[in-house]
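Before any comments, here is the structure.
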Amino acid sequence: DAGVIQSPRHEVTEMGQEVTLRCKPISGHNSLFWYRQTMMRGLELLIYFNNNVPIDDSGMPEDRFSAKMPNASFSTLKIQPSEPRDSAVYFCASSLRGQSQNIQYFGAGTRLSVL
Amino acid sequence: AQKITQTQPGMFVQEKEAVTLDCTYDTSDPSYGLFWYKQPSSGEMIFLIYQGSYDQQNATEGRYSLNFQKARKSANLVISASQLGDSAMYFCAIGYGGGGADGLTFGKGTHLIIQP
């Protein structure tokens, strides 16, 4: 079975440009999470969705960040305009909510570099 | 608020030895889940093992076991018979909302290096 698929794997962009990160969750999963990993702050939850509805976006750092989940098989995280401090690895994870464990399975991540 | 503390930034262990990675947590929720993930140098996050706060027995998954001491709020990962492929970053995480339903809070991680 295919796991969580993220694209692109690497993204290099210049400050001020719009960046869109994409995620396809595991088929049948109904929860989707976006995390950011940096050396300074470690892994942080940005936002999560249940049944395509955003539930908690308190981790989104600024209004420059937005996330959507138009259907059960696709989500985007957009940064507009991007800044050098947004450079990080962005992970998407999915889980099947309703099980006692609600284990999150992660994608391979997108390494973003903003110059 | 929930918090995870991993006090070992790095560890060197001889191949075939057992390894214990420390994790302590803080939460006011009576129901929570504890997770361990492995992140090799390639960067992906791999789920290893889960322990629920109400589970009576310590979780085990192959060579991985979780030493859960609820009163001490610790959830140490034990890797038996370590292998060179175990070299990686290991993250402890606590989930809220039932297991990891509402997201995970991660510790800073432990960098484990297995030496031949």
Side-chain angles (χ1 to χ4, degrees), chain A residues 2-6 8-11 23 25-26 29-51 53-60 67 88-113, chain B residues 1-7 9-10 23 29-57 59-61 64 66 68 75 88-111:
Chain A
V4 176
I5 299 173
Q6 292 187 245
R9 291 294 313 276
H10 303 274
E11 177 80 31
C23 175
I26 293 171
H29 280 188
N30 52 12
S31 291
L32 184 140
F33 306 81
W34 283 100
Y35 291 87
R36 179 171 69 175
Q37 185 178 32
T38 62
M39 288 296 293
M40 290 295 294
R41 300 176 66 89
L43 275 152
E44 302 173 285
L45 176 66
L46 300 178
I47 185 172
Y48 79 93
F49 298 80
N50 283 339
N51 295 316
V53 177
I55 302 299
D56 184 358
D57 66 353
S58 60
M60 297 285 262
V89 179
Y90 291 81
F91 287 102
C92 175
S94 71
S95 70
L96 180 59
R97 188 182 183 95
Q99 296 182 329
S100 60
Q101 299 182 357
N102 291 294
I103 295 168
Q104 295 182 24
Y105 295 92
F106 282 69
T110 295
R111 183 174 295 276
L112 173 64
S113 297
Chain B
Q2 300 181 315
K3 184 179 180 181
I4 291 283
T5 302
Q6 295 181 254
T7 58
C23 172
D29 294 332
S31 177
Y32 51 89
L34 295 157
F35 301 77
W36 279 92
Y37 285 83
K38 173 184 179 181
Q39 186 176 40
S41 58
S42 51
E44 70 268 32
M45 294 287 289
I46 302 168
F47 166 74
L48 295 178
I49 196 167
Y50 167 85
Q51 178 85 40
S53 58
Y54 293 120
D55 293 343
Q56 295 297 311
Q57 293 191 334
T60 61
E61 290 285 351
Y64 304 108
L66 201 152
F68 181 48
M89 284 291 294
Y90 288 80
F91 293 94
C92 181
I94 187 168
Y96 36 98
D102 294 339
L104 300 175
T105 297
F106 285 86
K108 296 296 186 184
T110 295
H111 189 191

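Chain letters run A, B, ... following the sequence lines, proteins first and then strands; every chain starts at 1.
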Using a 4.5 Å cut-off on heavy atoms from C-beta on, say whether the side chain of Glu44(B) contacts that of Phe106(A).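 No. Closest side-chain heavy atoms not under 4.5 Å.
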For Arg41(A), salt bridge (Lys or Arg N to Asp or Glu O under 4.0 Å) partners two or more places apart: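 In terms of salt bridge (Lys or Arg N to Asp or Glu O under 4.0 Å), with neighbours along the sequence ignored, Arg41(A) is linked to Glu44(A).
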Apply side-chain contact (heavy atoms from CB on, under 4.5 Å) to residues Gln104(A) and Tyr37(B) and explain how you reach the verdict. CA-CA 10 Å; Gln104(A) 295 182 24; Tyr37(B) 285 83; 3.6 Å; yes
Would you please name every residue forming a side chain to side chain donor-acceptor pair (under 3.5 Å) with Ser41(B), sequence neighbours left out?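 Residues passing side chain to side chain donor-acceptor pair (under 3.5 Å) with Ser41(B): none at all.
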Partners meeting side chain to side chain donor-acceptor pair (under 3.5 Å) with Gln2(B) (sequence neighbours left out):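 With neighbours one apart ignored, the set is Thr27(B), Asp29(B).
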Using a heavy-atom distance cut-off of less than 4.5 Å, which residues of residues 29-38 of chain A contact chain B?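 Heavy-atom contacts from residues 29-38 of chain A to chain B are Phe33(A), Tyr35(A), Gln37(A).
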To the nearest 0.5 Å, how far apart are CG in Leu43(A) and CD in Gln39(B)?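 It is 6.5 Å, given to the nearest 0.5 Å.
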Look up atom CD1 in Ile103(A) and atom OH in Tyr50(B), then write down how far apart they are to the nearest 0.5 Å.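 Answer for the CD1-OH pair, Ile103(A) versus Tyr50(B), is 8.0 Å.
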Chain B contact via Ile55(A) - which portion, at a heavy-atom distance below 4.5 Å: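 Neither; nothing under 4.5 Å.
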Which atoms of Met39(A) approach chain B - backbone, side chain, both or neither, heavy atom under 4.5 Å: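 Neither; nothing under 4.5 Å.
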Which atoms form the tightest heavy-atom contact between Asp102(B) and Leu45(A), and what is the distance?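 So the two residues come closest at O-CD2, 3.9 Å.
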Is atom CZ of Arg111(A) surrounded by more than 12 heavy atoms (other residues, nucleotides or ligands) closer than 6.0 Å?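 Check fails, neighbour count at 12 or below.
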